[in-house]
Protein chains: 2
Amino acid sequence: MKQMTSRQSEILEYLRRFIGREGYWPSIRDVQEHFGFRSTNAVMGHLRALERKGCVSRIPGQARTFRLLNDDGLPAGTIETETIPVYGSIAAGYPDRVESSGEVGRLLVDIHTANIRRGGKTFALKVTGDSMIGAGIQSGDMVVVHPGIPRDGDIVAALIDGETTLKRYVHPRGGTPYLKAENPSYPELYPTTELLIQGIGRAVIRNL
Amino acid sequence: MKQMTSRQSEILEYLRRFIGREGYWPSIRDVQEHFGFRSTNAVMGHLRALERKGCVSRIPGQARTFRLLNDDGLPAGTIETETIPVYGSIAAGYPDRVESSGEVGRLLVDIHTANIRRGGKTFALKVTGDSMIGAGIQSGDMVVVHPGIPRDGDIVAALIDGETTLKRYVHPRGGTPYLKAENPSYPELYPTTELLIQGIGRAVIRNL
DNA sequence: GTTATTAGTGCTCATTTGTTCAAAGATTGC
DNA sequence: GCAATCTTTGAACAAATGAGCACTAATAAC
């Protein structure tokens, strides 16, 4: 992004605050009035400059149609976030994202914090039991889970006998994969009928 | 929120998607065109209904000025979030929120997930060491910390000898408070000169 | 049947709003 | 000093846009 004059930053900042506060964009005359200009053209000049410098984009001729752009020229103001449904337990198959059956809440986090990619069918589970205590996952913790193919050592949400459990996925070279609890008092789980991995654990969130 | 007809939900959903996709609100005629109405008044009718039912609010006579409301009648679409600075370590006193000295990143989470209140001087610490391993807090975890007065049993970020440590705060009835690690190989820490509590741990976030 | 609600058409109108032309003062760099 | 850019004024215009009136049709409620 090119160098901006102080006046131009002021205008940009006003736009940012306005949309944040009101939820819609200001009109040219809203900007004019706020800065005390006696002509709308003062605003126009600055907007042209901001557009030229790639900070803002607009739809010509249409009212209150701004877009804030960042350095890459992509729509900004939006740290990439995801709204993730939280399930207490999952019965079978992938949980339907729209359906709220068993959904006990939602969490909104940015994708870096949750360690996920966008647009996936990410979901979260509320952990019960102490089988993963050795990995620092306690009862009541929330685990963010992303569908995918697990690798040896990943913590996964797996479906065994119609119920979801959180375990470590172990896949020895040349052997068959199994599940391992991180607690000496729990046995290893070898797949009897099938081993359905619902997702790979990406993050743990705990409220203290 | 009162009962909505299916058509009204369609309109509402279109508004939601439009602002999410384009970043600005549609005009009445944008809505008209999308639904194939032959009159703008069809849209007006639905908008009046949505306003009456408290789903949407608008500024009369002004272009593209919507506000989505949720059940309480408060502006929606905005789950309350906080952008929290992450520090690797904190030297002394409260970290300056604006200053990025020692700031190693930021995380954006909704206030329920992070278990915090709005507007506070919340910050996060990247944990090093294994002194809290017994409480399920490992090296590399992020701990969200909120300033306040700790109670017995809280996990706190405390300043001891010019360095910040994460420990459990113990305050026996009638005694002096001290800090306790959740790891048998660490000793209890009794305040020698002073015990400055920088904040109370509210949440733990770990990337797997 | 009557009444109320929802869903629409068709048209007109007034205002909001973006845009343009012409011009001038201030500031900076050469 | 002079050119270039930034900043602002002032007036006028045309398109975009919300809003109102009259009327029709379907559906459900009483």
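Computed from a predicted structure; not experimentally measured. Residue numbering restarts at 1 for every chain, and letters A, B, ... go by the order of the sequence lines.
Among the candidates B:H46, B:E13, B:K53, the single residue satisfying the side chain to side chain donor-acceptor pair (under 3.5 Å) test with B:Q8 is B:K53.
When heavy atoms are screened at a 4.0 angstrom cut-off, B:G61 is found touching the sugar-phosphate backbone but no base atom. Looking at heavy-atom distances under 4.0 Å, B:S39 makes contact with a base. In this structure, B:A42 reaches the bases: a heavy-atom distance under 4.0 Å links it to at least one base atom across the strands shown. Contacts of A:R38 with the nucleic acid, taken as non-hydrogen atoms under 4.0 Å apart, involve only primed sugar atoms and P, OP1 or OP2. Residue B:R7 is in sugar-phosphate contact alone, with no base atom involved, counting any heavy-atom pair closer than 4.0 Å across all strands shown.
In this structure, the CD1 atom of A:I28 is 18 Å from the P atom of D:dA15, given to the nearest Å. As rounded to whole Å, 11 Å separates atom P of C:dG18 from atom CG of A:L15. Protein atom CD of B:E33 is 11 Å distant from nucleotide atom P of D:dT17, rounded to whole Å. With rounding to whole Å, B:R64 atom CZ is found 16 Å from C:dT15 atom C1'. One can place CZ of B:F35 at 14 Å from C1' of C:dG8, the figure rounded to the nearest angstrom. Atom CD of B:E51 and atom C1' of D:dG18 are 12 Å apart (whole Å). Rounded to an integer number of Å, the gap from CD of A:Q32 to P of D:dG10 is 11 Å. Rounded to whole angstrom, the span from the CG atom of B:D30 across to the P atom of D:dT17 amounts to 7 Å.
When atom types are taken as modelled, the side chain of B:N115 and the backbone of A:L208 share a donor-acceptor pair closer than 3.5 angstrom.
B:H46 has a side-chain polar atom (N or O) that falls below the 4.0 Å cut-off from OP1 or OP2 of C:dA7. Contact between the side-chain N/O atoms of A:T5 and the OP1/OP2 oxygens of D:dT7 is found at a separation under 4.0 Å. Side-chain N/O atoms of A:R58 include one lying less than 4.0 angstrom from OP1 or OP2 on C:dT19. Between A:Q8 and D:dT7, a side-chain N or O to OP1/OP2 separation shorter than 4.0 Å is present.
Here the nucleotide nearest the side chain of A:F37, chosen from D:dT8, D:dG18, D:dA19, is D:dT8. Nearest nucleotide to the B:M44 side chain, out of D:dA19, D:dT17, D:dT7: D:dA19.
Taking the charged nitrogens against the carboxylate oxygens, A:K167 and A:E182 have no contact shorter than 4.0 Å, which rules out a salt bridge.
Ring-plane geometry between A:F35 and A:F37 is classed as parallel, the angle between the planes falling under 30 degrees on a 0 to 90 degree scale with a further cut at 60.
Position along DNA chain C of the nearest nucleotide to B:Q62 versus B:G36 favours B:G36 as the more 5'-ward residue.
No hydrogens or angles considered: a donor-acceptor pair under 3.5 Å links the side chains of B:Q62 and A:R64.
Counting atom types as modelled, A:R29 pairs a side-chain N or O with a base atom of C:dG18 as donor and acceptor under 3.5 Å. Counting distance only, with no hydrogens placed and no angle test, the side-chain atoms of A:N41 and the base atoms of D:dT9 include a donor-acceptor pair under 3.5 Å.
Under a cutoff of 6.0 Å and an axis angle of 45°, B:R17 and B:Y14 do not form a cation-pi pair.
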